[in-house]
Each structure stands twice: as structure tokens, then as C-alpha cells.
Amino acid sequence: VELEEKLTILAEGAKYDVSCASSGSFRRNRGGIGSAASCGICHSWTSDGRCVSLLKILMTNSCIYDCAYCVNRSSNDARRTTLTPAEVAELTIGFYRRNYIEGLFLSSGVVRSPDHTMELLIEAVRTLRHEYRFNGYIHLKLLPGADPLLVRQAGLLADRVSVNLELPTRESLALLAPDKSRDAVVLPMRQVNQLIVVNRAERQESRRVPRFAPAGQSTQLIVGATDDTDRQIVTLSEQLYQRLDLKRVYYSAFIPVNADSRLPARPTSILRREHRLYQADWLMRYYGFAAVELLDDGTPNLESDLDPKTGWALRHLELFPVEVNAADYEVLLRVPGIGVRSAQRIVRARRQGHLGMDDLGKLGVVMKRARYFVTARGRYAGDCALESTLLRGRLAGGEGRKKGVQLPLPLDGLRTSEELAALVAGEF
Amino acid sequence: MAGHYRYDGTVAGLLTLLARLLPQCIQPDAISVEPPAQASLFAGVVEVDTDGEVAAAFWGELEGRLPPSGLQQLRLALLAEQPERELIICRYCRLVWQQGKGAGAMLAHPQVAPLWKLARQVGREAHRWLGFVRFREVRERFYYAAMAPEHRILPLIARHFADRFRDQQWVIHDVRHGEGLVHDPQQRQWLLLPMETTAEPEPTPAEERFQALWRQYFATLAIEARTNLKQQQGKVPLKLRPWLVEFGGR
């Protein structure tokens with residue numbers, strides 16, 4: 001098979017993995033090619049609006065497992081092909097030299113055994129790192145069930161490693177991926193976490209110790225393939241961030257690629273749900289929210305027409321409005337329409353003088369939402385009171401709002417052009 | 001004395017001009033390179049000759065008066081390509097002269113906000129081009145990339161590419177401003193030079209192969225069920241696409 005064809009087949013198999021980050025690792029070029037920028041760099045965007053930053057590819061799309069949601073499952077009648085480690089390295093370097101990509105994202109179906117496949121992946125990455133002296137970003141997938149020694153090797157070569165949790169609960173996993181067990185997935189995550197902690201301590205002692213997975217680990221959850229609630233998902237993410245110190249949890253809206261009686265049809269507004277989950281995720285990581293604040297027993301799912309922060313604010317109106325010139329940074333962060341950047345700017349700018357309502361927009365605050373929840377120099381700028389029943393409608397997405405319409409001109413009743421001419425000339 | 005001031009368009013020229021204006025608390029009506037389209041009845045045009053020493057001394061003074069973040073914003077604004085930029089910089093400096101170091105943090109102040117916005121635009125564009133530069137391997141055995149950014153961002157991206165592709169001989173050509181970066185792997189240094197295109201460089205066979213592979217790969221990546229062209233266009237505006245291989249560019 002030609003390289004071009006292989007590339008197509010294997011990219012096709014890898015594209016449903018949503019992780020795209022190339023950030024979090026800082027690697028200088030040490031006498032070879034490449035570097036990793038800690039802010040991450042996007043190189044292009046595909047027609048689905050997702051960014052392209054890494055060459056995302058499978059080593060092989062043959063797989064011994066038969067997971068219901070996966071394109072590469074063994075029962076699918078698809079063309080199977082395999083890249084050699086040398087081919088992976090050649091492609092990566094070729095693209096990298098032309099500045100098409102930021103690095104490599106290497107995953108694989110499982111051939112023969114997890115250990116065997118893991119060895120293939122490590123071989124490819126080792127070729128890149130040692131023969132080509134490649135210092136760019138590498139994201140390597142760990143395969144559930146791989147030997148701890150291999151996991152260790154992988155982390156020493158890659159910037160970020162990840163294992164996909166795929167489904168939020170044990171029951172869902174047993175239903176859709178009977179070959180994988182929850183424990184087999186969580187085990188390597190635990191191990192990676194421990195290795196990162198140990199490595200960090202060792203590097204405190206001596207900078208000579210090589211880094212272990214400097215960009216940490218991430219995972220992915222499929223949303224909407226089973227009837228798990230948002231609350232279960234968000235709570236799980238919170239635990240992953242707190243206990244396993246994950247850098248990212250990705251959410252992938254379920255898109256049916258296989259016909260299977262265990263799977264639902266494509267749920268409506270699934271992309272919206274995915275978006276809301278990401279918003280909730282950001283609130284937990286950067287805004288100091290806890291999962292229980294966003295969702296409790298009464299509300300198992302995030303509202304579709306309100307972002308989670310606005311939803312939270314509407315449930316806690318007693319805390320608002322806050323005075324932007326006096327409120328603490330943590331309080332500002334919880335105001336709908338104020339983000340991390342604008343909160344920092346407010347804190348910085350107000351040291352030099354009081355801020356007025358007009359200034360907030362200039363600092364990047366989204367006044368559309370924020371004006372109902374803040375005061376500036378004691379003034380409130382919302383067009384309805386906080387307690388008003390209208391507020392919810394104002395904040396909910398576009399449809400409810402009235403747009404300006406033109407009043408009809410008194411031209412309809414006129415029949416002749418003389419009458420019209422008279423009207424225009426002002427003789428009426 | 002208010003009025004219309006002219007300088008030679010260089011950074012040193014602008015700094016010389018500012019060094020003359022600021023101590024005297026002059027608020028100019030306009031600063032430009034070209035003579036004004038219409039002569040003003042009440043004020044003449046003042047031409048300021050560039051003086052390297054004055055400019056260098058003034059930069060030293062700026063370093064003393066501005067915090068590092070303010071200096072960085074000023075650096076970015078100096079690279080901006082916008083007709084009003086000289087006045088924006090001048091107004092900002094005046095405020096710094098009057099109010100001291102704190103002025104840089106008054107982000108919503110009418111004399112600070114425009115400069116800050118300009119600096120963000122330049123910084124953002126420079127970051128975007130870190131991803132959008134596309135090298136082509138040409139017959140003369142070097143890597144060539146053409147681009148047309150709004151602002152003069154080449155000095156901002158040079159270090160990144162020099163570190164990343166230090167073993168590679170490469171040229172990044174800013175077609176709009178007629179200048180280019182040339183990197184020499186032996187000397188490990190780069191130069192910013194005036195540059196113009198004479199002929200389209202010829203790609204090597206390996207280059208054509210990798211371009212085809214990349215186009216093929218890019219076309220495969222999109223998930224049809226999630227198509228969102230509006231978002232794509234927001235991220236990759238049409239005016240950038242002629243420079244990108246995967247969008248049918250060169």
C-alpha cells in the first residue's frame with residue numbers, strides 16, 4: 001500500500017480522538033530539530049472548526065478489541081494497515097520541517113497484545129527522539145494493560161501521555177467495551193501520576209534527572225453514548241483533576257460510526273451538551289468552582305440555553321450585584337461575563353483609579369451578561385432588576401430577544417404614482 | 001507648538017521626534033511620513049531629522065520610566081502598521097511623562113487603551129503566524145516561506161524559528177512589507193533584510209510529495225457530522241488561505 005493511502009486510513013482512524021493540545025511543555029532545541037512552546041501553537045483548522053496542531057495518527061488500525069463505539073473495532077469491515085516506526089518518524093519530520101505541525105500524536109489499535117503494540121509505539125518515538133534528535137511535542141497513547149515498565153519508558157520519551165477512560169461509569173464501560181475493564185484503564189493513570197510526582201521531587205534535587213511526561217496526562221470521555229448524566233461526568237472529572245492531577249479531560253460528543261443495537265441514535269443537540277461540559281470543566285480548573293456547585297441532585301444536567309456560570313449565578317442571586325472596585329479577585333471570577341483575563345485586568349486597572357461601567361467593556365468584560373451582576377462606583381447598569389423574572393430570558397441565548405423592525409410606511413394604501421409623487425414631495 | 005510633524009518612517013526617527021516633543025509638552029495634531037494632503041492654514045509642517053544618538057538616549061529614558069510590561073507593549077506598537085500609530089504612541093508617552101509608572105496599568109484610560117489594543121493586535125498576529133508559516137523546500141536547498149501579515153511581525157517571530165529550525169537554512173519573506181528573515185545554520189544567526197520577489201522559487205520533488213501528503217491528511221481530518229465552516233473561517237480568515245498549502249495555496 002502506498003504511503004499516501006496508509007496515511008489516509010490511519011488518520012481516519014485517529015481523528016475521533018479529540019485531544020489536540022500542544023501546550024504545557026517547554027523544550028528547547030538541544031542540537032537537533034524542534035522545540036515545544038509552553039503556550040502551544042495551532043497550525044490550521046479543519047472544516048469542523050477543530051484545530052490541527054499535532055500529526056494525529058494511528059500506528060495501526062487493526063485491533064483485537066471490539067468496542068461498540070469505535071471505528072477500528074475488530075468486527076468492522078475496514079481496510080487494515082500498519083505504519084512502520086520508521087515511516088511514522090519520516091512523516092513527522094517531513095511535516096515538521098515545513099512547519100505544518102507542532103509534533104506527533106501517536107495512538108494505535110491493539111495488535112497481538114497491549115505490550116507488543118506499546119513497544120511499537122515506543123520504537124517510533126525513540127527513533128524520532130534519538131535518531132532525528134527531535135525536540136518537538138509528542139503525545140503518546142498508553143494502552144490499557146501495558147506493562148508498567150513500558151509505561152515508564154513512554155513517559156520518559158513523550159511530553160504528554162494519555163489513557164482514554166471513554167465511558168464515565170463502570171456499567172457503561174462493561175456494556176460497550178466488554179474487553180476493557182475500568183481497572184485496566186485506571187491502573188496506568190495511577191502509575192503515571194505516581195511517576196510524575198516522584199519525578200518532580202527528584203528534579204527538585206537535581207536538574208539532571210530527565211523529565212517524565214512534562215506536559216502531564218490527559219484522558220477522554222465519550223458523551224451521549226450512554227445515559228450517564230452531566231453530574232456524573234463533571235464529578236468524575238473533578239476527581240480526576242484532584243486525585244490524579246490530570247491536565248485535561250476531553251469530552252467527545254458521541255457520533256455514531258457503527259450500527260450497533262447497544263448504541264443510541266445520534267442524540268439531538270449533542271454538540272451543545274459537549275460545549276456546556278467544556279464550560280463546566282473550565283469553571284472547575286480556572287474559576288475555583290466545585291462540581292457540586294455547578295450541578296446538584298436537583299439538576300442532574302447542565303442547562304442547554306444558559307452557560308453553567310450564569311446558571312449558577314441565577315441560583316445565587318443573593319451574592320449579586322458585586323462592586324467591581326471593591327470585590328476580591330475570586331469574587332470577580334464568579335461573575336458571568338468576567339473571565340480570568342478581564343478579572344486580572346480589573347484588579348490591575350483599579351489600583352490606578354476607580355473604574356466606571358464604560359471602562360469594563362474596554363477591559364474585555366462581556367457586558368451583555370456582566371451588567372446584570374455588577375455595579376461600578378455604585379451604579380447598576382442592567383435594564384431590569386436582579387430580582388426580575390425577565391432576567392433569565394435576557395441572559396438565555398438569542399431567540400427570545402426582539403430585534404428592531406421597520407414600521408410600515410404609509411405607501412401601501414396608495415394606488416397611483418401621482419399620489420406617491422405627491423407624498424414624496426410633501427404635498428400630502 | 002501643535003502642528004503637523006514629519007519623520008522618515010524609521011523607529012529611530014519616531015524616537016527622535018518623541019524626544020523633541022515630550023520635554024516641551026507638545027501635543028501634535030498629526031505625525032506622518034508623507035507630507036499632509038492639505039496644508040493647514042494655521043500651523044506649518046515641521047520636519048524632524050533622525051538622530052541615532054538622540055533616539056538611543058531616549059530609549060534609555062523610556063526604559064527608566066516604563067515598567068517592563070509597558071516597554072514590551074510599546075515595542076509591539078512600534079511594529080504596528082496603522083496610520084494613527086505614531087499619535088497613539090505619542091499620547092501614551094505623554095501620559096507616562098505626566099503620571100509616572102502607574103500610567104501603564106490604567107488600561108481603560110483613553111490615552112492608554114488604544115496603545116494597549118494595538119499591542120495586543122500585533123502580539124496576537126505574531127503568535128498566529130507562528131503556526132501559519134509554511135516552508136517550502138526549494139531547489140537551491142533551502143526552505144522558503146512567504147507571508148503577508150498586517151504588521152511588521154518578523155522581529156517577533158525570528159527567535160522562535162531560529163531555535164526550532166536551527167539546523168535548517170530558511171527564509172521567511174514578508175511580501176507585504178518587502179522584508180525578510182534569513183537564517184544561516186552555520187553561523188547560527190538570523191538577519192532582517194529588505195527583500196523582493198523576482199521569480200517563484202521551484203520546489204524539490206520531496207517538497208511536492210510532502211505537500212500532497214499534507215493536503216491528503218488535512219482533507220481526511222474533518223469529521224463530517226461536526227462541520228462548522230463559520231468557526232473555521234473565524235480561525236483561518238480567507239485572506240490567509242493563499243499562503244496555506246492545505247487550503248490550496250502555494
Side-chain angles (χ1 to χ4, degrees), chain A residues 3-5 7-9 11-12 14-16 28-29 31-35 37 39 41-53 55-57 91 94-102 133 135-136 253 255-257 266 271 345-346 348-349 351-353 355-356 358-363, chain B residues 69 99 102-110 112-113 116-117 127-128 130-137 143 145 160-168 170 206-207 209-214 216-236 244-247:
Chain A
L3 187 57
E4 192 163 327
E5 214 177 333
L7 181 65
T8 313
I9 294 172
E12 184 71 39
K15 72 183 183 184
Y16 293 96
R28 290 204 135 246
N29 188 353
I33 171 180
S35 58
C39 55
I41 296 169
C42 298
H43 286 252
S44 196
W45 278 267
T46 55
S47 58
D48 51 16
R50 299 188 307 160
C51 88
V52 184
S53 143
L55 169 62
K56 198 181 287 181
I57 201 166
L91 270 174
F95 285 170
Y96 196 84
R97 281 211 180 280
R98 289 162 178 80
N99 202 37
Y100 296 162
I101 52 169
E102 201 53 23
R133 311 189 73 188
N135 296 304
I255 289 163
V257 286
R266 188 174 180 212
L271 291 179
R345 285 170 190 160
I346 288 173
R348 209 175 133 208
R351 286 195 206 119
Q352 306 297 328
L355 296 171
D358 295 342
D359 295 335
L360 294 182
K362 287 188 206 154
L363 296 178
Chain B
S69 61
Q99 308 257 339
M106 303 158 95
L107 299 176
H109 192 284
V112 180
W116 179 53
K117 193 175 158 199
H127 178 79
R128 273 216 292 195
L130 293 183
F132 285 145
V133 164
R134 294 283 179 270
F135 286 113
R136 283 177 280 166
E137 194 182 14
Y143 287 84
H160 171 84
F161 286 108
D163 179 45
R164 179 166 286 196
F165 303 114
R166 63 153 74 169
D167 61 343
Q168 210 163 305
W170 52 258
E207 176 60 32
R209 180 162 160 264
F210 274 109
Q211 286 197 4
L213 281 170
W214 177 245
Q216 179 66 37
Y217 173 71
F218 184 75
T220 318
L221 275 189
I223 297 175
E224 223 165 272
R226 303 182 60 116
T227 301
N228 188 348
L229 291 173
K230 205 174 146 197
Q231 181 162 356
Q232 185 190 29
Q233 194 166 330
K235 298 290 190 183
V236 193
L244 301 175
V245 172
E246 63 270 28
F247 287 96

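A, B, ... follow the sequence lines: proteins, then strands. Residue 1 opens every chain.
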| Pick from A:Gly31, A:Gly361, A:Gly34 with the largest number of heavy-atom pairs that fall under 4.5 Å of chain B | A:Gly34

| task | Determine the option with the most heavy-atom pairs under 4.5 angstrom with chain B, choosing from A:Ile346, A:Asp358, A:Val52, A:Leu355. | result | A:Val52

| Side chain, backbone, both or neither: which part of A:Cys51 has a non-hydrogen atom closer than 4.5 Å to chain B? | neither

| request: Kindly indicate whether the side chain of A:Lys362, heavy atoms from C-beta on, has any atom under 4.5 Å from the side chain of B:Leu107. | output: no

| query | Taking atom CG of B:Leu130 and atom CD1 of A:Ile41, what is their separation to the nearest 0.5 Å? | reply | 4.5 Å

| Taking C-beta and beyond as the side chain, do A:Leu91 and B:Tyr217 meet within less than 4.5 Å on heavy atoms? | no

| message | What I'd like to find out is whether the side chain of A:Ser35 reaches to under 4.5 Å of the side chain of B:Arg166, using heavy atoms alone. | response | no

| request: Determine the interplanar angle of the A:Tyr100 and B:Trp214 rings, folded into 0 to 90°, and report it as parallel if under 30°, tilted if 30 to 60°, perpendicular if over 60°. | output: parallel

| query | So, A:Lys15 side chain and B:Ala222 main chain: donor-acceptor pair closer than 3.5 Å or not? | reply | yes

| said: Between A:Arg98 and B:Glu137 (salt bridge meaning N to carboxylate O under 4.0 Å), is one present in this structure? | reply: yes

| message | Report which part of B:Trp170 has an atom under 4.5 Å of a heavy atom belonging to chain A: side chain, backbone, both, or neither. | response | neither

| said: So A:Arg133 and B:Asp167, do their side chains get closer than 4.5 Å, heavy atoms only? | reply: no

| field | Most chain B-contacting option - heavy-atom pairs closer than 4.5 Å, from A:Arg28, A:His43, A:Glu4 | value | A:His43

| said: Less than 4.5 Å apart, side chain to side chain, heavy atoms only: is that true for B:Ile223 and A:Arg50? | reply: yes

| task | Of all the heavy-atom pairs spanning A:Ser44 and B:Phe218, show the shortest one and how long it is. | result | OG-CE1, 3.4 Å

| query | Is the backbone N or O of B:Gln232 less than 3.5 Å from a side-chain atom of A:Asp48, with the two atoms forming a donor-acceptor pair by type? | reply | no

| field | Atom pair CG/NE2 of A:Asn99 and B:His160 - distance to nearest 0.5 Å | value | 6.0 Å

| message | Does any backbone or side-chain atom of A:Ala253 lie under 4.5 Å from a heavy atom of chain B? Answer side chain, backbone, both or neither. | response | both

| Of all of B:Gln168, B:Met106, B:Gln231, which one pairs up most often with chain A through heavy atoms under 4.5 Å apart? | B:Gln168

| query | Given a strict heavy-atom distance threshold of 4.5 Å, which part of B:Tyr143 is in contact with chain A: side chain, backbone, both, or neither? | reply | side chain

| Can you name the nearest heavy-atom pair linking A:Phe95 to B:Phe210, along with the distance? | CE2-O, 3.7 Å

| said: Which atoms of A:Leu360 are under 4.5 Å from chain B, going by heavy atoms: the side chain, the backbone, both sets, or neither? | reply: neither

| remark: Looking only at B:Asn228, B:Val236, B:Leu229, the option with the highest number of non-hydrogen pairs under 4.5 Å against chain A is B:Asn228

| note | So, the part of A:Arg97 with a heavy atom under 4.5 Å from chain B: the answer is both

| message | Nearest 0.5 angstrom please: A:Ser47 OG to B:Glu224 CD, how far? | response | 8.0 Å

| message | With a 4.0 Å cut-off on N to O distance, would you call A:Glu102 and B:Arg164 a salt bridge? | response | yes

| query | Who wins among B:Glu207, B:His109, B:His127 for the most heavy-atom pairs under 4.5 Å with chain A? | reply | B:Glu207

